[in-house]
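Because only heavy atoms are used, hydrogens play no part in the values below, and waters and symmetry mates are left out as well, while side chains stay in.
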Amino acid sequence: MTFTFKALFCLGLTLGLWIPVLTELLPKPILRVQPDNVVSTQSKVIFVCEGSQGAKSYCLYKKESRHPWCKEIGPKPNKKVEFSISKIDQYSAGHYHCYYQVHGKLSEDSDALELVVTGAHSKPRLSAKPSPVVSSGQKVTLQCVSGQNYVRFILTKEGSQKLFWRQDSQYNYDTGNSEAFFSVPTVTSSQRWAFRCYSYDSSNPQVWSEPSDILELMVSGNLPKPIIKVEPGSVVTLTSSMTIWCQGTLDAEVYFLYNEGSHSTWSTEALQKPGNKGKFFYPSVTGEHAGKYRCYWYSSAGWSEPSDTLELVLTAIYDYNELRLSVLPSPVVIVGRNMTLHCVSHIHYDKFILTKEDHKFTSSLDTQCIPPSGQCQALFVMGPMISNHTGTFSCYGYYKNSPQLWSVPSKPLEIHISGLSKKPSLLTHQGHILDPGVNLTLQCCSDINYDRFALYKVGGADIMQHTSQRTDTGFSMTNFTLGYVNHSTGGQYRCYGAHNLSSEWSASSDPLDILITGQIDDTPSLSVMPNSSVHSGENVTLMCWSTYFVDTFILSKEGSGQPPLRLKSKIQDQQYQSEFSMSAVTSTHSGTYRCYGSHDSSLYLLSFASAPVELIVPGPIEASSWPTKRFITTASKY
């Protein structure tokens with residue numbers, strides 16, 4: 001109903017028997033709105049107009065539109081009536097009044113009720129300067145920023161008694177945003193301080209933007225500090241999930257979380273079971289979640305002290321290049337000695353850092369870049385080695401301006417310590433020099449009762465581990481089947497023993513060299529001087545030579561389990577050659593010999609074999625100086 005309508009209505013009554021209406025108005029009603037007078041678009045509101053007992057009708061009108069909405073009361077008079085709007089829009093915003101009628105008499109209008117509708121524009125950003133973490137008694141400045149050129153801003157303090165502050169906006173030419181600064185009165189640790197801000201055009205003062213995210217000022221109090229933890233760990237992969245827990249006392253009602261790199265705060269109700277704690281779950285983390293976190297709790301007694309700092313690192317932010325991690329001298333290090341972990345990347349990160357089982361293991365190191373190769377590296381020197389140095393390591397790169405945003409990790413590298421018990425033996429049944437395609441098995445054994453054995457190829461990253469078996473002679477052993485050999489099989493191997501309840505390994509076995517033939521396109525020649533049949537006690541020279549370049553010649557004796565002999569080549573008479581001299585030979589030197597060539601760049605890859613040469617030394621039968629190593633037969637599983 002409008003003022004005009006009411007005036008005509010009253011004038012009409014004067015023409016009849018209702019002259020008293022002009023001289024006496026009924027008391028004004030009370031107008032309320034539920035759930036609040038600040039509501040978002042599409043929400044439901046209910047206006048409640050409460051008048052006098054015996055009212056026959058109630059009317060509600062918006063001052064700006066002047067169209068009344070009236071409701072007749074049934075036979076039973078009612079003291080109040082509800083006007084419900086199921087979906088509010090921005091045109092519903094404005095000042096509302098209500099009035100009622102009793103026996104033809106009209107009441108005064110209720111006091112004006114201002115209905116504000118939010119959500120007409122995008123939400124602004126609210127932040128605290130310099131930080132939302134404050135001390136009791138401190139004054140705080142809040143900044144509200146919008147990308148749209150609104151004329152005014154409103155700051156609200158949430159709670160049972162809302163407070164409002166209005167401020168004209170200022171245009172920031174550097175950022176292209178509208179902004180306003182609000183000076184908040186002195187905060188105390190005895191209550192909560194939660195704020196939102198809105199923006200609006202002065203021509204429509206009841207139509208506001210969406211509310212900013214809520215900003216809770218965290219006031220450092222005197223109650224006991226909570227414990228902050230993160231699952232699964234403080235080093236988290238991009239897009240994975242994580243949960244941050246904050247645990248205080250049984251009095252805690254609300255928990256709060258704050259990231260130092262953000263102007264936002266988060267809150268959650270206390271979980272009573274299985275203990276009083278707050279849970280902050282993030283289903284898919286992004287770069288914004290990295291940083292240093294603290295948490296607080298609040299109860300009716302006030303605020304707690306802040307927790308210790310939790311540093312959360314996000315990995316796989318930079319995925320355009322994988323780092324490489326290697327170890328010198330090898331991933332199996334003798335106890336008490338030093339080792340060096342070498343992290344390398346083609347990307348010029350500012351720093352590299354080393355982790356063990358996804359936890360920081362060392363402080364970061366500045367990168368050193370090598371211009372010719374374009375590689376950047378860092379060397380992490382560790383030692384003397386103890387049991388704490390065992391485990392799985394990775395390295396990452398990052399930039400100084402974002403220390404909690406890391407690259408993809410290097411491939412994990414497993415580090416072991418050896419030398420704490422007796423060394424095992426490493427045997428080969430097929431011999432040290434093998435043709436491609438031979439099926440190779442290495443055996444590690446010991447008279448110590450080891451539970452497992454490990455095989456390591458020097459220079460490699462992978463370590464094979466097998467459980468041990470017991471033989472009927474009391475040995476523990478296991479076989480490592482390497483399959484059909486090729487050029488990648490060549491190398492030096494070592495094995496170790498270990499007990500299941502220990503992370504340390506035994507001392508290393510003696511090294512075992514596996515050499516692969518036919519990898520150099522050359523066939524050297526072998527000759528014997530003075531001749532292939534000599535008397536016992538004479539001196540013999542076996543000469544291996546080739547017209548093609550080789551760095552080293554290798555001499556092997558058929559059927560011997562001992563490592564072959566190596567000699568550097570020399571150039572003479574336009575050929576490369578080495579002379580293997582044997583003094584005072586005996587019958588043990590009798591046998592079939594072959595020689596091979598190799599290059600220093602690939603010591604374990606050989607040429608084709610020379611033609612065999614037979615050396616005959618007559619004499620009594622003696623034990624061979626190059627005995628053949630035999631495999632141990634397994635009797636039962638240990």
Side-chain angles (χ1 to χ4, degrees), residues 34-36 38 126-144 155-165 182-197 211-231 234 241-283 285 288-289 291-312:
Q34 300 171 351
D36 194 9
V38 179
L126 182 62
S127 60
K129 302 296 180 181
S131 166
V133 177
V134 297
S135 300
S136 183
Q138 180 179 344
K139 291 185 177 180
V140 183
T141 298
L142 302 184
Q143 181 188 28
C144 192
L155 179 71
T156 66
K157 180 182 181 297
E158 306 296 300
S160 57
Q161 292 184 340
K162 278 193 173 183
L163 299 177
F164 293 83
W165 294 268
F182 296 87
S183 181
V184 177
T186 303
V187 298
T188 63
S189 60
S190 60
Q191 61 176 294
R192 290 177 60 180
W193 299 81
F195 298 89
R196 292 182 187 273
C197 78
S212 69
D213 293 332
I214 194 166
L215 175 68
E216 185 113 22
L217 297 182
M218 291 181 286
V219 188
S220 181
N222 298 318
L223 300 179
K225 69 180 181 181
I227 299 172
I228 188 169
K229 294 181 180 179
V230 60
E231 294 175 352
S234 59
S241 63
M242 72 169 182
T243 301
I244 296 179
W245 294 95
C246 186
Q247 183 164 4
T249 70
L250 295 178
D251 296 329
E253 300 171 3
V254 185
Y255 285 92
F256 298 91
L257 185 66
Y258 168 62
N259 182 351
E260 291 181 7
S262 169
H263 294 294
S264 301
T265 56
W266 301 270
S267 65
T268 185
E269 298 297 322
L271 300 175
Q272 300 300 323
K273 295 180 181 180
N276 200 331
K277 62 179 68 173
K279 178 182 180 181
F280 300 88
F281 175 67
Y282 302 90
V285 296
E288 294 180 352
H289 293 109
K292 295 181 179 180
Y293 287 82
R294 287 178 182 263
C295 72
Y296 299 74
W297 59 271
Y298 176 83
S299 72
S300 58
W303 286 83
S304 72
E305 294 183 50
S307 69
D308 294 333
T309 299
L310 168 70
E311 184 175 24
L312 186 69

**Q.** Check: L217 and L142 side chains under 4.5 Å, non-hydrogen atoms
**A.**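 In short, these two side chains touch, coming nearer than 4.5 Å.
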Q.
In the structure I gave you, are the side-chain heavy atoms of V254 and E269 within less than 4.5 Å of one another anywhere?
A.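 Of all side-chain heavy-atom pairs linking E269 with V254, at least one is under 4.5 Å.
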Q) With sequence neighbours left out, what residues match R196 under salt bridge (charged side-chain N to carboxylate O under 4.0 Å, His left out)? A)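 R196 satisfies salt bridge (charged side-chain N to carboxylate O under 4.0 Å, His left out) with no residue once adjacent residues are dropped.
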Q) If we ignore angles and hydrogens, is there a donor and acceptor under 3.5 Å between the side chains of E158 and T156? A)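 Yes - a donor-acceptor pair under 3.5 Å links their side chains.
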Q.
For K139 and V184: C-alpha separation, side-chain torsions, deciding distance, then whether side chain to side chain contact (heavy atoms under 4.5 Å, CB included) applies.
A. CA-CA 6 Å; K139 291 185 177 180; V184 177; over 6 Å; no
Q: Let me know which of S220, S136, S135, S304 forms a side chain to side chain contact (heavy atoms under 4.5 Å, CB included) with S189.
A: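 Filter result, single survivor: S136.
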Q) Within a radius of less than 6.0 Å around CG of N222, do more than 12 heavy atoms belonging to other residues, nucleotides or ligands occur? A)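 No, because the 6.0 Å sphere around CG of N222 holds 12 heavy atoms or fewer from other groups.
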Q.
Would you say that more than 12 heavy atoms from the other residues, nucleotides or ligands in this model lie under 6.0 Å from the CD of E288, or not?
A.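 For E288, atom CD is not crowded (no more than 12 foreign heavy atoms under 6.0 Å).
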Minimum-distance pair of heavy atoms, taken over all atoms of [X] and [Y]:
X    : Y    : result
G221 : E305 : O-CG, 3.3 Å
P226 : C295 : CG-O, 3.4 Å
K277 : Q247 : CE-OE1, 3.8 Å
L223 : W297 : CD1-CH2, 3.5 Å
F256 : M218 : CB-SD, 3.5 Å
I214 : A194 : CD1-CB, 3.9 Å

Q: I would like to know whether T268 and L257 meet side chain to side chain contact (heavy atoms under 4.5 Å, CB included); could you show each step before the answer?
A: CA-CA 9 Å; T268 185; L257 185 66; over 6 Å; no
side-chain hydrogen bond (donor to acceptor under 3.5 Å, both in side chains) partners for [X], two or more places apart:
X    : result
T309 : R294
Y258 : S131
W245 : E231
K279 : none

Q. So E216 and Y296, side chain to side chain contact (heavy atoms under 4.5 Å, CB included) or not? Walk me through it.
A. CA-CA 11 Å; E216 185 113 22; Y296 299 74; over 6 Å; no
For the atom pair [atom1] ([X]) and [atom2] ([Y]), what is the distance rounded to the nearest 0.5 Å?
X    : Y    : atom1 : atom2 : result
S212 : L155 : OG    : CG    : 8.0 Å
K157 : F164 : NZ    : CZ    : 12.0 Å
S234 : I244 : OG    : CD1   : 10.5 Å
R192 : W303 : CZ    : CH2   : 6.5 Å
D213 : L126 : CG    : CG    : 9.0 Å
D308 : I227 : CG    : CD1   : 9.0 Å

Q.
Donor-acceptor check, side chain of Y255 to backbone of N276, threshold 3.5 angstrom: yes or no?
A.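 Checked: pair present.
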Q) Within the distance-only criterion (no hydrogens, no angle test), does the side chain of T141 pair as donor or acceptor with the backbone N or O of K129 below 3.5 angstrom? A)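 The answer is no, because no donor-acceptor pair under 3.5 Å joins these two groups.
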Q.
In terms of relative ring orientation, are F195 and W165 parallel, tilted or perpendicular, with 30° and 60° separating the classes?
A.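 It falls in the tilted class, 30° to 60°.
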Q: Fit a plane to each ring of Y282 and W266, take the angle between them on a 0 to 90° scale, and name the class: parallel (under 30°), tilted (30 to 60°) or perpendicular (over 60°).
A: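 It falls in the perpendicular class, over 60°.
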**Q.** For S190, side chain to side chain contact (heavy atoms under 4.5 Å, CB included) partners two or more places apart
**A.**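 S190 satisfies side chain to side chain contact (heavy atoms under 4.5 Å, CB included) with T188 only.
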